[in-house]
Chemist: 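Quick one: structure below, then a few questions.
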Amino acid sequence: MTVASSATAPTPPLAARAAAIGGSPVRDILAVTARPEVINFAGGLPAPELFDAKGVAAAYQAVLAEAPGRALQYSTTEGEPALRTAVAERYTARGLATGADDILVTTGSQQALSLLATALVEPGDTVLVENPCYLAALQVFAFAGAHVVAVPGDADGVDPEALEALVVEHRAKLLYTVPTFQNPTGRTMPAGRRTALAEVAARRGLWIIEDDPYGELRFEGERVPWIASCPGGEDRTVVLGSFSKVMAPGLRLGWLRAPAELRRACAIAKQAADLHTPTVNQLAAAWYLERYDLDAHVGRVAAVYGERRDAMLAGLGEALPAGSEWNRPEGGMFLWVRLPEGYDATERLPGVVGHNVAYVPGAPFYGGAPDPRTLRLCFVTQTPEEIGEGLRRLRRGLS
């Protein structure tokens, strides 16, 4: 006869990957600096006062009034045809021929990254990333069990020769890059460098994930062609896009543009994740794109962001210690700072926050050895006046 124990057994442990992967340092910093008196250069948040709230509200009202049964019903995993068509037409108009069937709608482009990791990465596979790299991409690949290797580069991005050597050395199958107004550095990869990466991918059998959430936020200069349009890159480049930075992040609408076989694999992974992206959000976005001029709206937003970038650039020389270096992005939301020798941006942050201003230290963005002197500043969320005050506080905090 077996006697039942009165003791309660412990719950089973978390999966090793869940226990090993930490949270986002950016989110942690935002939680600490959420006080209204803090001028926060740490977040990557679009300026909420620039959202077209009336237009988006009209879109939701229309689809719920005109087709409530459809808007509130399940949808296909691949996405609503009207939205896929609209996204495809925007790519085609910009020189990248795209059909609706090339698009898979996702719940933000962050989900697209997770689906690609599921479809492409086996535990132990090597994934190559630029250095520094978008932090949430590093998290996705770590959760997938990838061996992440940073590719050396320069102010123009990934070095093609270093990339090819690492593909051969590690038998890597995937490169992840944000070539336009990169997060965190704000840099843009020139056309010649993009062509060279596509040639390496074609020669060595490499997938390229071309993440492009910021590309439409250009203040100056000329648009650079996608890697996906470069010879050799057409059949092995996945382009990720999003309405988060140009319409509203709360819509959680993104997409991937991918070759057919990979797109089907991602659709199956999405079925397992969430079945489909919310129907009402998709239909509202499609309605908006049909009746409103999104390009005009983006142009207005970019003009304001350009003024805010200029305000930050104008004050950085006085705010930062002598010997600091920074770049001048042509668009996007971020610029990148390197403090002088002897400074550690992570160690300095608590003192800076004590002066009611915040930035993100650069160290967490590195897939390889970090440069502790680096930090990221977001210039789009505050007005020029607030930026000026924030930089005065930054000067005091760093002194």
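Side-chain atoms are counted along with the backbone in the values below, which use heavy atoms only and exclude waters and symmetry mates.
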Chemist: Quick one, V380 and L217 - any side-chain contact, counting heavy atoms below 4.5 Å?
Modeler: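 The answer is no, as the side chains (C-beta and beyond) never meet within the 4.5 Å cut-off.
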Chemist: Show every donor-acceptor pair shorter than 3.5 Å between a side-chain atom in residues 45-53 and any protein atom, with sequence neighbours excluded, or say none if there are none.
Modeler:
from: E49; atom 1: OE2; to: R308; atom 2: NH1; distance (Å): 3.2
from: E49; atom 1: OE2; to: R308; atom 2: NH2; distance (Å): 2.8
from: D52; atom 1: OD1; to: G55; atom 2: N; distance (Å): 3.0
from: D52; atom 1: OD2; to: Y288; atom 2: OH; distance (Å): 2.5

Chemist: Kindly say whether Q73 contributes a backbone atom to a donor-acceptor pair with the side chain of T279 at under 3.5 angstrom?
Modeler: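 At least one qualifying donor-acceptor pair exists.
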Chemist: Would one find more than 12 heavy atoms of other residues, nucleotides or ligands at under 6.0 Å from atom CD of E161?
Modeler: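 Atom CD in E161 is not packed in, count stays at 12 or less.
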Chemist: Within a strict 4.5 Å, meaning less than it, do heavy atoms of the E210 and P179 side chains meet?
Modeler: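 They are in contact (side-chain heavy atoms under 4.5 Å apart), so the answer is yes.
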Chemist: Going through the checks in order, is the side-chain contact (heavy atoms from CB on, under 4.5 Å) test met by T126 and L128?
Modeler: CA-CA 6 Å; T126 294; L128 303 178; 3.8 Å; yes
Chemist: Any chance you could measure N327, atom CG, to R338, atom CZ, to the nearest 0.5 Å?
Modeler: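 Answer for the CG-CZ pair, N327 versus R338, is 10.0 Å.
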Chemist: What's the shortest heavy-atom distance between T106 and W255, and which atoms?
Modeler: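 Residues T106 and W255, closest heavy atoms: OG1-N, 3.2 Å.
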Chemist: Verify side-chain contact (heavy atoms from CB on, under 4.5 Å) between Y343 and L375, making sure each step is shown before the conclusion.
Modeler: CA-CA 11 Å; Y343 279 80; L375 60 94; over 6 Å; no
Chemist: What is the minimum heavy-atom distance between S242 and S244, and which atoms define it?
Modeler: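 Smallest interatomic distance, heavy atoms only, reads OG-N, 2.8 Å.
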Chemist: Do V224 and I208 land in one hydrophobic cluster if side-chain heavy atoms of ILVMFWY residues count as linked below 4.5 Å?
Modeler: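 Different hydrophobic clusters.
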Chemist: In Å, rounded to the nearest 0.5 Å, how long is the span from CG of D125 to CG of L174?
Modeler: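 With rounding to 0.5 Å, CG (D125) is 9.0 Å from CG (L174).
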Chemist: Answer yes or no: is there a donor N or O on one side and an acceptor on the other, between the side chain of R309 and the main chain of P329, under 3.5 Å?
Modeler: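 Yes.
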Chemist: Could you tell me whether the side chain of R348 reaches within less than 4.5 Å of the side chain of L398, counting heavy atoms only?
Modeler: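 With C-beta onward as the side chain, the pair touches.
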Chemist: Run the numbers on L138 and Y176 for side-chain contact (heavy atoms from CB on, under 4.5 Å), then give the verdict.
Modeler: CA-CA 10 Å; L138 296 177; Y176 172 81; over 6 Å; no
Chemist: Give me the one residue out of E80, R252, K270 that meets side-chain hydrogen bond (donor to acceptor under 3.5 Å, both in side chains) with T277.
Modeler: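 Option passing the side-chain hydrogen bond (donor to acceptor under 3.5 Å, both in side chains) with T277: K270.
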Chemist: Taking side chain as C-beta onward, heavy atoms only, is E66 less than 4.5 Å from L283?
Modeler: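 The answer is no; the side chains never approach within 4.5 Å.
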Chemist: Can you get from V304 to V56 by hopping between Ile, Leu, Val, Met, Phe, Trp and Tyr side chains that sit under 4.5 Å apart?
Modeler: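 Linked within one cluster.
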Chemist: Could you tell me how the ring of Y292 sits relative to the ring of W287: parallel (under 30°), tilted (30 to 60°) or perpendicular (over 60°)?
Modeler: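 It falls in the tilted class, 30° to 60°.
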Chemist: Is the shortest side-chain N to carboxylate O distance from R84 to E78 below 4.0 Å?
Modeler: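 Salt bridge absent between R84 and E78.
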Chemist: Give the minimum heavy-atom separation between P340 and A322, together with the two atoms involved.
Modeler: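 Reported closest heavy-atom pair: CG-O, 3.1 Å.
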Chemist: How far apart are the closest heavy atoms of W207 and P259, and which atoms are they?
Modeler: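 Nearest heavy atoms, W207 then P259: CZ3-CG, 3.9 Å.
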Chemist: If you measure from CG on L256 to CD on Q111, what distance do you get to the nearest 0.5 Å?
Modeler: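 Here the interatomic distance stands at 9.0 Å.
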Chemist: Where is the tightest heavy-atom contact between Q382 and C378, given as atom of each residue plus distance?
Modeler: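 It is OE1-O, 4.3 Å.
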Chemist: Which of parallel (below 30°), tilted (30 to 60°) and perpendicular (above 60°) describes Y74 and H276?
Modeler: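 Answer is perpendicular, since the angle exceeds 60°.
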Chemist: With the threshold set at 4.0 Å, does a side-chain nitrogen-carboxylate oxygen contact exist between R94 and D295?
Modeler: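 D295 and R94: salt-bridged.
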Chemist: Would you say R194's side chain and P225's backbone share a donor-acceptor pair under 3.5 angstrom?
Modeler: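 Between the backbone of P225 and the side chain of R194 there is a qualifying donor-acceptor contact (under 3.5 Å).
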Chemist: Using only atom types and a distance under 3.5 Å, with no angle test, would you say the side chain of D102 pairs donor to acceptor with the backbone of R257?
Modeler: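 No; zero donor-acceptor contacts below 3.5 Å.
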Chemist: Any sub-3.5 Å donor-acceptor pair from T383's side-chain atoms to E386's backbone N or O?
Modeler: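 Yes, because the side chain of T383 sits within donor-acceptor range (under 3.5 Å) of the backbone of E386.
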Chemist: Say whether V280 and V87 are linked into one hydrophobic cluster, either directly or through other cluster members, by side-chain heavy-atom distances under 4.5 angstrom.
Modeler: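 Same hydrophobic cluster.
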Chemist: How far does CG of L294 sit from CD of E216, to the nearest 0.5 angstrom?
Modeler: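 Rounded to the nearest 0.5 Å, the CG-CD separation comes to 6.5 Å.
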Chemist: Answer yes if V105 and L116 sit in the same cluster of Ile, Leu, Val, Met, Phe, Trp and Tyr residues linked by side chain heavy atoms under 4.5 Å apart, and no otherwise.
Modeler: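 Yes: a chain of side-chain contacts under 4.5 Å links V105 to L116.
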Chemist: Is there a donor-acceptor contact under 3.5 Å from the side chain of T188 to the main chain of F181?
Modeler: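 Yes, the answer is positive, given that a donor and an acceptor are paired below the 3.5 Å cut-off.
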Chemist: Take E130 and V178, measure what side-chain contact (heavy atoms from CB on, under 4.5 Å) needs, and give me the verdict at the end.
Modeler: CA-CA 8 Å; E130 53 199 355; V178 183; 3.7 Å; yes
Chemist: Nearest 0.5 Å, what's the CG-OH distance between D212 and Y91?
Modeler: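 Nearest 0.5 Å value for the CG-OH distance: 6.0 Å.
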Chemist: Let me know which of L163, V200, L166, N131 forms a side chain to side chain contact (heavy atoms under 4.5 Å, CB included) with V158.
Modeler: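 So the option named by the test is L163.
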Chemist: Under a 3.5 Å distance rule, please check whether Y359 uses its side chain to pair with a backbone N or O of A345 as donor and acceptor.
Modeler: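 Checked: pair present.
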Chemist: Any non-hydrogen side-chain atom of P184 less than 4.5 Å from a side-chain atom of W336?
Modeler: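 When only atoms from C-beta onward are counted, W336 and P184 do touch, with a gap below 4.5 Å.
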Chemist: Within the structure provided, determine whether T374 and P132 are in side-chain contact (heavy-atom separation under 4.5 Å).
Modeler: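 The answer is no, as the side chains (C-beta and beyond) never meet within the 4.5 Å cut-off.
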Chemist: Looking only at heavy atoms, which two atoms of A162 and P152 are closest? And how far apart?
Modeler: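 Answer, listing the atom of A162 first, then P152: CB-CD, 3.9 Å.
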Chemist: Not counting sequence neighbours, which residues clear side-chain contact (heavy atoms from CB on, under 4.5 Å) with R396? List them please.
Modeler: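 In terms of side-chain contact (heavy atoms from CB on, under 4.5 Å), with neighbours along the sequence ignored, R396 is linked to H355, E389, R392, R393.
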Chemist: Honestly curious: do L335 and M189 fall in one hydrophobic cluster under the side-chain, below-4.5 Å linking rule?
Modeler: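 Different hydrophobic clusters.
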Chemist: Can you tell me if T98 uses its side chain to pair, donor with acceptor, with the backbone of T92 under 3.5 Å?
Modeler: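 Flag not set: sc T98 to bb T92 has no pair under 3.5 Å.
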Chemist: When you compare the side chain of L391 with that of I39, does any pair of heavy atoms fall below 4.5 Å?
Modeler: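 No. Closest side-chain heavy atoms not under 4.5 Å.
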Chemist: Within the 4.5 Å heavy-atom criterion, are L313 and F379 side-chain neighbours or not?
Modeler: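 The answer is no; the side chains never approach within 4.5 Å.
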Chemist: How long is the span from the CG atom in D211 to the CG atom in N183, to the nearest 0.5 Å?
Modeler: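 Rounded to the nearest 0.5 Å, the CG-CG separation comes to 9.0 Å.
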